Structure formats: C-alpha cells, structure tokens
A.B. asks: 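Pasting a structure below so you can have a look.
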Amino acid sequence: MSQQHQPELLSGGAMLIRALRDEGVEFVYGYPGGAVLHIYDALFQQTEVKHVLVRHEQAATHMADAYARASGKAGVVLVTSGPGATNAVTGIATAYMDSIPMVVICGQVMSHLIGDDAFQETDMLGISRPIVKHNMSVRNPADIPYMVKKAFYIAQSGRPGPVVLDIPKDMTMPNQKFPYEYPKDIKLRSYNPNAKGHPGQIKKALQTLLAAKKPVLYSGGGVILGQASAELTELAQQLNLPVTNTLMGLGAYPATDPQFIGMLGMHGTYEANQAMHNADVIFAVGARFDDRVTNATKKFCPNATIIHIDIDPASISKTIMAHIPIVGLVKPVLQEMLHQLKKHGNTLDQAALGQWWHQIKQWREVHGGRFEHRTDLLKPQAVIEAVWRHTKGDAYVTSDVGQHQMFAAQYYKFDKPNRWINSGGLGTMGFGLPAAMGVKLHYPDAEVVCVTGEGSIQMNIQELSTCKQYGLGVKIINLNNGYLGMVKQWQDMNYDSRYSSSYMDSLPDFVKLAEAYGHVGIRVTSPEELEPALERAFALKDKLVFLDIHVDPKEHVYPMQVPGGAMNDMFLSKTERT
Amino acid sequence: MRHIIAVLLENESGALARVVGLFAQRGYNIDSLTVAATEDPTMSRLTLVTRGDDQVIEQITKQLHKLIEVVKLTDLSESAHIERELMMVKVKASGAQREEVKRNADIFRGQIIDVSPTTYTIQVVGTSEKLEAFIEAMEGTQILETVRSGVSGISRGEKALSL
C-alpha cells in the first residue's frame with residue numbers, strides 16, 4: 001500500500017511507536033523521564049501500542065523478559081536515560097544470560113550533549129555492551145524504522161538475546177518529520193544465524209545414539225526457545241531414551257512421563273545425575289554444560305561420547321568437549337534426525353536399553369524426591385506439591401532465586417514448555433513478581449503463580465502497586481522461612497552455621513502489606529491451614545492473592561552435588577552422602 | 001601458542017570497542033592490535049595477535065564471530081602468511097656513535113627517517129621477531145623512544161579475506 005501512496009510523514013518518536021506496532025508489539029513496559037518525553041507523547045497519541053507503567057525500571061525488563069519466555073516473542077522496554085537505563089541493567093543481564101529476546105529502548109541526552117556529562121547522561125552503550133546481543137545508537141531520525149526492525153531481527157533470531165537501542169532526545173523531536181516506511185525484512189552481511197545443521201553430522205549423531213547402550217538425552221533452554229519440544233518428545237519416545245532437563249529446559253519434556261528422570265545438576269535428582277555420570281552416550285540438545293550442571297568438568301561423565309546440538313558454536317566444546325558437534329537450530333536438526341530415523345529404523349540394542357532402564361529405576365528409588373512430611377511444620381516441598389495439585393499442573397510458574405526456586409523446579413511437574421519462568425543464568429532475585437506480571441498481562445485467563453521467598457519478594461515488592469493498576473491477579477506463594485534460605489544452607493554446610501547476614505530481621509506483615517496495596521493477603525502458619533488457603537486463593541480468580549506461608553526454616557535443598565566432585569557426588573540429606 | 005587473527009568488521013562506531021571489550025571480559029590476551037579502514041570504506045580490517053592453547057583460540061574465534069559487526073575472520077597462523085610490523089626508534093646518536101647506529105640500521109634494512117645533531121630516528125619493518133632483534137642489537141645505544149604499529153598480516157597466494 002505504501003508503495004503506491006506517498007509515505008506518511010512522522011516524527012522520530014511517532015516512527016518509533018509506529019514501528020513497534022508494525023512489529024506486532026502490544027505492550028511496552030517502561031517508565032517516563034526527560035529524554036523520552038517525546039516518545040511518551042507519541043505513545044499517548046495512539047492506542048494500539050499500550051504502555052505499562054512499572055514502579056522501577058528493573059521490573060519493566062523482567063516483565064518484558066517473562067513475556068518473551070512465555071510467548072517466544074521479544075518483549076519491549078522503554079526507559080529514560082541515565083538512572084532509568086542503569087536501573088534496567090540487571091534485567092538486561094538476566095535476559096542475556098538466558099538468551100531471551102528483548103528490545104530495550106533507552107532515552108539519551110541530546111546528541112550534541114553526549115560526552116559532556118550532561119544531566120542524566122550515562123554511556124548506556126558502554127554499560128550494556130557486555131550484557132547484550134547487540135546495541136545501537138540512533139544517529140539520524142530517518143533511520144529509526146530500519147533500526148527497530150534490525151533490533152527485533154537480531155534479538156529474535158539465532159541464539160536470541162537482548163538488544164539495546166539508545167535514542168538521543170533530538171532524534172524524536174515532534175516538529176521534525178520523516179517519511180515512514182517499515183522494512184519488510186532485513187539482511188545483514190555480517191550476521192546470518194539460521195543454521196539447519198550439517199546432514200553428515202546429524203547422521204553420525206544418530207548412528208552414535210543408536211549404538212548406545214546407556215544413552216541419556218540432556219536438554220536445555222534451547223529446546224524451549226527453539227520451540228522444539230514436540231520434536232524432542234517424539235524422538236525421545238521413539239527411542240525410549242531417559243530424558244533429563246536443565247533448570248532452563250523444564251517442561252520441554254513432560255515431567256509426569258515415566259521417561260523423565262528429573263532435572264540434573266547441582267540440585268538435580270539422584271537418578272538424573274547418576275544416569276549422566278554412567279552414560280555411554282550423552283545427547284545434549286540446546287543445553288550449554290553450565291557449571292551448575294557439570295560440577296567439576298574434569299570428572300564429568302568419564303565414559304560418555306557427547307553429541308551436542310546448539311545454535312551457538314561458541315557454546316559447543318566451551319566447557320566440555322563435544323565428540324559430535326552440530327551447529328544448528330534444534331528444531332530443524334531434530335526434524336532431520338526423526339526423518340533419518342524413520343528411514344533407518346530403530347536399531348538400539350533393546351536388551352541393553354532394558355538393563356539401563358532397570359538400573360535407572362533402581363537409582364530412582366534411592367532418593368525419589370523424598371522429603372520429610374510433618375504435621376506440626378510446613379515443608380516448602382509440600383507447599384509446592386499442593387500448588388501443583390491446585391493448579392492441575394497447568395500454571396505458569398515464575399520464581400525468584402534461592403531454595404524456593406529449587407523446590408519449585410523439583411516439585412512442580414511441568415508438562416508443557418514455556419510454563420516455568422525463572423532466572424537460571426544470572427540468578428536474579430526480584431525476578432519473580434514482575435515476571436508473573438508480564439505473563440499475566442498477556443495471558444489474563446491463565447493461572448500465574450509466583451513462587452518466591454521473603455528475601456526475593458522484597459527486591460521488587462513495589463510492583464504490587466503496578467499489579468493493582470492493571471488488575472493483574474497473580475498468586476504469590478511466599479515461602480517465608482525468615483532466612484535467605486540458600487545462603488543459610490551454604491552457611492550450614494560450609495561455615496558451621498554462622499549465619500552472617502542471612503537472617504531476615506524486621507520483616508513486614510506481608511498480609512497487611514498486600515492489603516495496603518489493595519490486594520488480598522493470607523497467612524499460613526501450619527500444615528492444616530494450607531489447603532483451605534490455597535483453595536480460597538485460587539477461587540479468587542481476578543484478585544492478586546499474597547500467600548505468606550511460614551515454612552520450616554531448617555529445611556535444605558537435596559540432592560545437592562558435592563562441590564568439586566563428579567556429577568554423581570551428592571549429598572542426599574543432612575546425613576547421607578553418596 | 002601465538003596466533004594472528006585477521007578480522008573484517010563493519011566500519012561502525014563501537015565495533016572496535018566490542019572486539020576489545022570481548023577480550024577484556026573473557027580474559028583473553030592481546031599482544032598487539034591494529035585496525036584501519038580497507039579499500040571499501042564501509043569495512044575495517046583488524047589484525048590481532050593473541051596467545052592461548054587450542055581451546056582458548058577456538059573460543060576466541062567463535063566469540064569474535066558472534067559479534068554482529070564481525071563480517072569474516074581467519075586465523076592467519078593456520079596457513080602460510082606474511083606478517084609485518086613497523087617500528088620507529090629514536091636513539092641518542094652523537095660523535096662516533098652515529099656511524100655505529102647507521103651500520104646497525106643498514107644491517108636490519110632500517111631507514112633513518114629523522115636526524116638531529118644528537119639523535120637519529122630509525123624506521124624498521126619486519127616481523128615482530130626482527131624488530132625485537134633490532135632492539136637487542138642496539139644494546140649499546142641509548143634508546144629515547146620506540147613506537148610499534150602492531151602486526152598486520154595477510155595470507156600468501158590467492159587466498160584472501162574479503163567478501
């Protein structure tokens with residue numbers, strides 16, 4: 001249409017908003033300030049792109065990030081220069097570590113003032129450089145549509161990641177207008193990310209997998225990001241492979257399926273870590289052999305041939321040498337594998353595989369996710385199991401960082417991808433509540449639960465106000481043990497229980513606090529109060545309910561890998577060690 | 001151990017900072033770095049001398065590739081190549097010393113490019129090794145100042161790093 005007609009003349013600010021609309025953006029999360037006033041004025045003059053006003057810029061980034069994790073599309077953040085931008089830094093780093101597509105638009109001082117230490121000036125390109133996939137500054141307002149397109153393209157393709165677009169205030173002047181046209185597509189000579197995987201390598205990988213006697217499929221966040229959960233599940237089920245997921249990969253394979261052997265790594269299941277250590281072939285799909293998975297790399301899986309699919313070549317053989325590397329997007333690679341498997345048939349040694357499964361089932365009985373059930377004390381694990389039951393295993397669950405995060409990962413059985421939303425790489429406290437908000441905003445009919453602790457929740461508690469403004473009925477499960485639980489656990493295990501600054505003194509009355517923000521607060525202090533409280537909370541469909549649940553302060557997360565050990569060196573309880 | 005990596009990158013502001021930042025963030029060494037625009041003004045060519053075992057070098061090249069502005073790169077030290085570095089050395093040269101300095105410069109095919117009553121400035125071009133050898137040969141002479149361009153490298157034969 002715009003080819004026949006004269007393109008519309010728009011200001012830089014209006015072009016930016018129009019470009020977001022043309023990119024299909026529904027919500028922008030942000031906070032206004034001097035350098036972005038022109039942009040906010042352009043936002044005001046249209047209705048298609050809606051703005052969500054947070055109470056702190058960090059929350060805006062986590063909302064956008066969580067939306068991306070749930071939907072697969074880039075989330076958009078709009079903040080002003082200086083402190084607005086620096087407040088967004090933690091959220092950008094969070095997205096970067098977990099490869100989450102995000103476009104962060106930062107205001108900047110007038111271009112002629114850059115470098116003069118002007119009011120609210122910060123070198124945001126410099127600050128964000130190590131924590132973005134890419135960043136750019138607008139030098140000419142006419143470039144804005146192209147740069148927005150480029151930002152989304154880079155953020156969403158290949159290994160996704162955050163892109164920062166820095167816009168000096170004079171680039172968005174309302175009185176300077178330019179012909180607007182949104183590019184249909186974009187090509188960069190220096191960036192061509194979509195790889196299908198080398199067919200020869202894929203063949204070799206399949207042959208190796210089919211020759212295995214003790215195979216393990218180890219999959220990570222790449223399967224979720226690459227929307228390849230269906231292919232992964234099909235391949236695993238056709239070959240009857242044991243499947244373990246990383247923290248970032250939970251939900252890629254249904255957790256209630258018997259082939260699922262649980263999460264692996266530092267707080268992985270006994271059977272997953274044993275299976276990895278004893279495997280003869282490890283088939284790694286969209287996972288990056290993070291240090292929270294491998295434990296000591298020198299002792300990692302001594303007998304395994306490693307097949308590794310990843311879109312990012314730098315993730316392959318970075319910490320653990322891959323014998324059969326495949327650079328490619330997991331979805332087309334797995335499709336090709338399924339195709340080749342169909343041609344060649346399943347030639348796995350079924351007797352050996354049967355024995356392997358027998359062994360894994362024995363391991364499963366050693367720990368099996370057990371925890372102590374008490375009638376006088378609430379166990380955090382029991383709370384998560386109850387939440388799982390009450391939400392029929394179908395909620396979006398966000399978390400903060402610490403013990404509660406691990407309990408949620410271990411005891412909420414995710415059967416679907418994109419449902420478990422947590423900061424795995426950076427480990428950002430304060431992530432959970434804004435993340436839940438970002439999901440709830442886009443999926444208002446879905447049950448969205450934030451599993452948090454009294455430490456983490458206070459890092460972005462001000463967002464209870466944003467929840468009220470936008471009617472975000474998320475359910476907050478505050479596992480309150482009065483301590484920074486994971487810090488305390490390490491202090492118990494390694495510092496003779498010297499609780500240096502891990503006791504949370506002077507906690508607020510969370511019930512009153514929730515009420516002060518206009519929400520519902522419920523306190524749970526004993527096991528018998530839990531069920532009725534959850535029932536009431538989930539029955540209050542559109543309300544934000546803050547459940548302040550007092551749990552056993554002495555509880556630890558187990559299994560736990562012994563630092564410096566192999567995958568299968570684990571503490572199984574306070575008194576048992578492998 | 002020593003590798004010469006040649007990189008073609010978009011001639012955009014911030015691109016060099018990204019390359020340098022990458023080395024700083026990930027703890028890689030830079031022995032020398034030289035960069036300038038190519039015959040195509042939209043592209044810069046960067047030559048980087050670094051050290052590391054095979055795994056480190058592999059990570060360096062992969063991480064460089066990930067930078068959006070990096071168009072192409074090659075590890076020149078993996079095949080036949082030529083490397084050159086330019087050095088200017090200002091030395092004290094008076095009396096009988098002047099002859100001695102001149103002789104040394106000639107041996108290294110250096111050129112005296114600036115003269116004052118008490119100093120010579122000598123330009124030497126070659127591999128980094130040759131430049132170091134020259135400095136050693138000047139041992140008896142008082143060096144006032146040296147400046148080195150860093151290594152530039154190019155493949156031998158028809159092989160070329162271009163679009």
Side-chain angles (χ1 to χ4, degrees), chain A residues 93 96-97 99 111 114-115 123-140 143 147 150-151 153-155 157-166 186-193 195 288-289 297 308 310-322 325 327, chain B residues 3 5-30 33 35 37-46 48 50 52-75 78 160-163:
Chain A
Y96 179 70
M97 287 295 275
S99 309
S111 47
I114 290 177
D123 173 14
M124 191 52 186
L125 292 178
I127 285 180
S128 65
R129 199 175 290 124
I131 51 164
V132 292
K133 184 169 175 190
H134 196 56
N135 61 20
M136 300 174 277
S137 177
V138 176
R139 300 290 177 86
N140 177 357
D143 295 340
M147 293 185 86
K150 186 173 166 183
Y153 170 59
I154 291 172
S157 56
R159 179 178 182 174
V163 174
V164 164
L165 190 55
D166 197 54
I186 193 162
K187 263 206 174 119
L188 300 173
R189 62 179 174 183
S190 60
Y191 175 70
N192 182 22
R288 63 184 177 93
F289 296 87
T297 50
H308 190 182
D310 207 293
I311 184 61
D312 179 6
S315 281
I316 294 177
S317 300
K318 183 170 73 177
T319 57
I320 300 291
M321 196 55 98
V327 177
Chain B
H3 288 255
I5 298 169
V7 184
L8 275 183
L9 83 166
E10 297 287 355
N11 191 4
E12 284 170 6
S13 75
L16 178 62
R18 241 182 273 282
V19 172
V20 176
L22 173 72
F23 275 72
Q25 285 152 43
R26 296 191 183 265
Y28 306 140
N29 300 308
I30 300 181
L33 173 95
V35 60
T38 63
E39 78 285 0
D40 172 355
T42 67
M43 223 146 38
S44 300
R45 167 118 173 192
L46 185 146
L48 212 150
T50 184
D53 59 27
D54 289 353
Q55 210 195 336
V56 169
I57 299 298
E58 188 180 322
Q59 266 297 309
I60 289 175
T61 54
K62 283 172 166 180
Q63 294 290 352
L64 280 169
H65 252 305
K66 268 174 80 171
L67 300 178
I68 303 294
E69 285 127 339
V70 168
V71 182
K72 258 187 176 180
L73 67 90
T74 183
D75 184 348
E78 278 181 348
L161 183 68
S162 61
L163 272 185

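Every heavy atom of this structure was used, including side-chain atoms; hydrogens, water molecules and symmetry mates were not. All chains are named by letter (A, B, ...) in the order of the sequence lines, taking the proteins before the strands, and each is independently numbered beginning at 1. For clarity, every value in this text was computed on a predicted model and none was experimentally measured.
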A.B. asks: Can you measure from CG (B/Asn11) to CG (B/Leu16) and round to the nearest 0.5 angstrom?
C.D. replies: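 So the CG of B/Asn11 and the CG of B/Leu16 are separated by 10.0 Å.
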A.B. asks: Out of curiosity, A/Phe289 CZ to A/Met321 CE, how far, rounded to the nearest 0.5 Å?
C.D. replies: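 Reported to 0.5 Å precision, the distance equals 12.0 Å.
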A.B. asks: Which bit of A/Ser317 comes within less than 4.5 Å of chain B, counting heavy atoms only: side chain, backbone, both or neither?
C.D. replies: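 A/Ser317 touches chain B through backbone and side-chain heavy atoms alike.
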A.B. asks: Of the backbone (N, CA, C, O) and the side chain (C-beta and beyond), which part of B/Ser13 lies under 4.5 Å from a heavy atom of chain A, both, or neither?
C.D. replies: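 Answer is side chain: those atoms of B/Ser13 sit under 4.5 Å from chain A.
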A.B. asks: Which pair of heavy atoms, one from A/Arg159 and one from A/Ser315, lies closest together, and at what distance?
C.D. replies: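 Heavy atoms of A/Arg159 and A/Ser315 come nearest at NH1-OG, 3.1 Å.
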A.B. asks: Measure B/Leu22 against the heavy atoms of chain A and call it side chain, backbone, both or neither at under 4.5 Å.
C.D. replies: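 For B/Leu22, neither part sits under 4.5 Å from chain A.
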A.B. asks: Distance only, no hydrogens: is a donor on one side chain within 3.5 Å (strictly under) of an acceptor on the other, for A/Arg288 and A/Ser99?
C.D. replies: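 No.
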A.B. asks: Please flag which part of A/Asn135 lies under 4.5 Å from any non-hydrogen atom of chain B: side chain, backbone, both or neither.
C.D. replies: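 Both backbone and side chain.
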A.B. asks: Please state whether the side chain, the backbone, both or neither of A/Leu125 comes within less than 4.5 Å of a heavy atom of chain B.
C.D. replies: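 A/Leu125 has no heavy atom closer than 4.5 Å to chain B.
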A.B. asks: If you compare all heavy atoms of A/Pro313 against all heavy atoms of A/Ile311, which two are closest, and at what distance to 0.1 Å?
C.D. replies: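 So the two residues come closest at CD-O, 3.2 Å.
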A.B. asks: Counting only non-hydrogen atoms closer than 4.5 Å, does B/Gln25 touch chain A with its backbone (N, CA, C, O), its side chain (CB onward), both, or neither?
C.D. replies: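 Looking at B/Gln25, just its side chain touches chain A.
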A.B. asks: May I ask you to name which of B/Glu12, B/Lys72, B/Lys66 has the most heavy-atom pairs under 4.5 Å with chain A?
C.D. replies: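 Highest number of heavy-atom pairs under 4.5 Å: B/Lys66.
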A.B. asks: Check whether more than 12 heavy atoms from other residues, nucleotides or ligands sit under 6.0 Å from atom CZ of A/Arg139, and answer yes or no.
C.D. replies: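 At most 12 heavy atoms, drawn from other residues, nucleotides or ligands, come within 6.0 Å of this atom.
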